[in-house]
Enquirer: 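Below is one structure. I have some questions about it.
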Amino acid sequence: MLDSPEISDAEYDEPMRELIAIEEAHPELITPDSPTQRVGAPPAEGFLPVRHRTKMMSLGDAFSFDELSAFLDRVERGLPNEKIDYVCELKIDGTATALTYENGLLVTGATRGDGKVGEDITLNIKTIRSIPLKLRLDKSPGFLEVRGEAYISKKQFEEINKERSKSGETLFANPRNAAAGSLRQLDPGITARRELDSIIYGLGFTSGEGFKTHWDVLQFLKKAGFKVSKFIRHVETRDEIFNFCEKWQEERDSLPYEIDGIVVKVNSLRQQESLGATSKAPRWAIAYKFPPEQKTTKVLDIVVNVGRTGALTPVAVLEPVKVAGSTVSRATLHNEDEMKRKDIRIGDWVVVQKAGDVIPEVVIPISSRRTGEEKIYKIPNRCPVCGAEAVRPPGEAVKRCTNISCPAQRFEHILHWASRGAMDIDGLGPAVVDELLKNKAIEDIADLYFLSKEELLNKIGHFQEKSAENLYNAINNSKNRPFSRVLFGLGIRHVGSHISDVLAQHFPSIEELENTSFDGLTAINEIGPAVTESVIKFFEQERNLKVVDKLKRAGINLREMIETGAPKKLGGLTFVLTGTLSRFAREEAGEKIKALGGRVSSSVSKKTDYVVAGENPGSKFDKAKSLGVKIIEEEEFVRLIGG
DNA sequence: GCACCTCGAGTTCA
DNA sequence: CTCGAGGTGC
């Protein structure tokens with residue numbers, strides 16, 4: 001077997017500490033290629049475009065062994081009567097990068113971009129420890145470009161998401177997105193903390209090196225100091241190729257990083273050249289893509305869940321089965337119509353898969369395995385928790401429990417109040433809320449603020465002094481959350497986080513919101529009749545008024561804070577973002593605008609002050625033009641927000 | 001009244 | 001991520 005050893009991370013770690021010490025003592029000795037220069041560079045302004053010397057092509061896909069065979073047929077036809085051997089590599093699910101070295105020193109790291117022009121992410125690339133800043137060659141070529149995959153290990157990915165979850169940031173869907181996102185950080189310090197890794201698998205434009213095979217190239221890359229995969233295989237027959245694919249399809253879970261397929265390349269560089277390329281992809285390589293992992297399992301039961309709004313949602317209880325890395329035992333069926341459309345019955349054998357990598361989904365029932373014993377499930381007309389009538393309004397898709405004091409709704413409502421987007425009360429999770437309700441310590445959200453430490457300790461079975469103290473403090477600290485979060489936490493129907501922001505902008509205090517009229521609400525952009533009605537209804541309910549009153553007495557912040565400092569730069573201005581911004585994600589830009597007192601709206605109207613147009617702006621751009629709304633480009637926007 | 005875009009609400013697992 | 005539904009503009 002021709003497996004090749006991988007360079008271990010430890011080899012890069014050891015000399016670091018020593019070096020830092022030396023350089024701190026003698027700053028004049030710091031060289032541009034010093035590993036200490038990997039981090040600490042100032043945040044970049046944005047990313048400059050880099051033109052690739054030779055196009056970074058993508059690979060053709062094969063989604064089955066048939067398609068893979070067809071590819072091999074084409075290769076053989078293209079090289080009649082020649083002996084052909086191949087190299088099989090794991091296709092790591094990361095992000096493609098091109099690294100250029102001049103006279104042995106790393107000068108540029110770039111993303112693939114559209115293949116012709118990528119972005120200069122050199123500072124971020126330098127934080128990847130397995131990428132040498134200097135080649136380990138006696139005599140380096142004047143110009144060397146290598147290509148590879150920058151990725152994040154499964155373990156590190158979970159680590160990152162755990163932290164993001166703590167700080168309330170949106171989670172990365174998969175390691176690939178995490179890697180891509182981390183490489184697009186303006187502050188290399190953040191990239192460094194993400195601990196990316198890299199595997200190099202080929203050469204780009206390079207001066208004066210005469211290789212015969214791809215295998216030789218890989219050996220050279222290893223010698224030059226790059227991390228090259230140890231799982232690469234040099235093969236000669238089709239069977240070996242298929243075996244390699246099959247083996248890794250089964251064993252992909254055992255790898256420290258995610259792979260989404262196998263790359264098969266013609267080994268001889270002369271043969272590669274002779275096969276050539278289409279405008280999109282080389283004819284001498286292909287990516288065999290693993291099918292999304294699907295498993296079959298049995299629907300043991302279908303149960304209903306009662307949500308915060310009283311919605312009855314059917315959930316399939318499944319015979320536990322391992323799919324794409326985790327064990328699946330439940331899957332939502334969304335609603336009655338969806339259940340009927342897919343015709344899923346209790347006792348059915350079904351195909352399950354992960355939608356988007358995390359959330360299990362029932363794809364389809366296997367009707368051929370039916371015995372006739374399967375039962376069609378109907379959502380009950382009574383709430384399974386409180387027994388009240390459950391009604392599905394005409395034209396709507398969900399059945400709802402009509403009892404506003406239904407224990408299930410109350411429970412979910414309190415959890416919602418404590419949730420990250422609302423009051424963010426750490427330590428107030430399902431188990432604690434359950435005990436507090438059961439032991440009659442609270443009835444509603446406002447009661448939380450009248451609990452003493454002792455009560456918390458007494459009423460929550462598993463609590464010790466420390467946890468009681470922590471929760472007590474967490475509850476107290478939530479009193480001065482911004483008004484918009486309080487509004488969101490109230491759980492008014494149709495009032496989510498965004499509409500809460502909008503309402504808080506227009507009504508500086510809860511009294512003003514309470515006393516407004518139907519027209520006063522609908523006049524506001526983004527507030528239509530449905531939202532208006534539900535807000536007005538909320539304040540008509542005696543129960544709700546009592547809770548609001550108690551919240552007031554508890555000292556909850558029920559007015560928009562008026563900033564006493566310097567007037568905010570963007571006070572009262574409304575922005576609409578369109579197109580792709582290069583410096584930050586849209587969400588980030590939105591955060592910045594809001595932080596400076598501005599508003600972000602989703603659609604352009606006469607009220608819009610600025611439309612910020614990024615790359616490929618959408619229809620909002622045209623709308624802004626026709627309405628005569630001021631359109632600014634990213635440059636000017638950055639100047640406007642002063643950074 | 002319709003198309004399009006957003007937002008809201010519910011959900012899973014480790 | 002998913003679906004459903006609200007808001008806006010034609």
Enquirer: With respect to the side chain of A:Thr332, which nucleotide from C:dG6, C:dG7, B:dT11 is positioned closest?
Expert: B:dT11

Enquirer: Just how far, in rounded Å, is P of B:dT11 from CG of A:Leu312?
Expert: 10 Å

Enquirer: Does C:dT8 have OP1 or OP2 under 4.0 Å away from a side-chain N or O of A:Asn525?
Expert: yes

Enquirer: Are A:Ser182 and A:Arg194 linked by a side-chain donor-acceptor pair shorter than 3.5 Å?
Expert: yes

Enquirer: A:Glu338 has an atom CD; how far is it from atom P of B:dG10, in whole Å?
Expert: 17 Å

Enquirer: Of the listed nucleotides (C:dG7, C:dG4, B:dG8), which one gets closest to any side-chain atom of A:Ala530?
Expert: C:dG7

Enquirer: Measure from the side chain of A:Thr313, starting at C-beta and using heavy atoms only, and say which of B:dT11, B:dC7, C:dG4 lies closest.
Expert: B:dT11

Enquirer: Rounded to the nearest angstrom, tell me the gap between atom CD in A:Glu361 and atom P in B:dG10.
Expert: 20 Å

Enquirer: Side chain of A:Pro360 only, heavy atoms from C-beta on: which candidate in C:dG4, B:dC13, C:dT8 is closest?
Expert: B:dC13

Enquirer: Checking all strands, does A:Glu396 fall into the base, sugar-phosphate, or nothing category for heavy-atom contacts under 4.0 angstrom?
Expert: sugar-phosphate

Enquirer: If you look at every heavy atom in A:Lys399 and A:Ile379, which pair is closest and at what distance?
Expert: NZ-O, 2.8 Å

Enquirer: Could you state the atom-to-atom distance from NZ of A:Lys354 to C1' of B:dC13 in whole Å?
Expert: 7 Å

Enquirer: Salt bridge or not between A:Asp348 and A:Arg370? Use side-chain N to carboxylate O under 4.0 Å.
Expert: yes

Enquirer: Output the rounded distance in Å from CG (A:Asp337) to P (C:dG4).
Expert: 7 Å

Enquirer: A:Leu318 has an atom CG; how far is it from atom P of B:dT12, in whole Å?
Expert: 10 Å

Enquirer: Indicate whether OP1 or OP2 belonging to B:dG10 is found under 4.0 Å from a side-chain N or O atom of A:Thr309.
Expert: yes

Enquirer: Would you confirm whether the ring centroid of A:Trp248 sits within less than 6.0 angstrom of the ring centroid of A:Phe290?
Expert: no

Enquirer: Do the side-chain N or O atoms of A:Arg330 get closer than 4.0 angstrom to the phosphate oxygens (OP1, OP2) of B:dC13?
Expert: no

Enquirer: Answer yes or no: does a side-chain N or O of A:Ser329 lie under 4.0 Å from OP1 or OP2 of B:dC13?
Expert: yes

Enquirer: Measure the distance from NZ on A:Lys399 to C1' on C:dA5 and round it to the nearest whole Å.
Expert: 20 Å

Enquirer: Measure from the side-chain heavy atoms of A:Asn305 and tell me the nearest of B:dT11, B:dC7, C:dG4.
Expert: B:dT11

Enquirer: In a check of side chain to side chain contact (heavy atoms under 4.5 Å, CB included) between A:Ile499 and each of A:Ile524, A:Ile527, A:Ile492, which one passes?
Expert: A:Ile527

Enquirer: Less than 4.0 angstrom between a side-chain N/O of A:Thr327 and OP1 or OP2 of B:dA14, yes or no?
Expert: yes

Enquirer: Rounding to a whole Å, what distance do you find between A:Glu336:CD and C:dC3:P?
Expert: 17 Å

Enquirer: Testing the 3.5 Å rule here: is there a donor-acceptor pair between the side chains of A:Ser484 and A:Asp501?
Expert: yes

Enquirer: Side chain of A:Val531 only, please: which of C:dG6, B:dC7, C:dA5 is the nearest?
Expert: C:dG6

Enquirer: Taking only N and O in the side chain of A:His334, is any of them less than 4.0 Å away from OP1 or OP2 of C:dC3?
Expert: no

Enquirer: Heavy atoms under 4.0 Å, any strand shown: does A:Val328 hit a base, just sugar-phosphate, or nothing?
Expert: sugar-phosphate

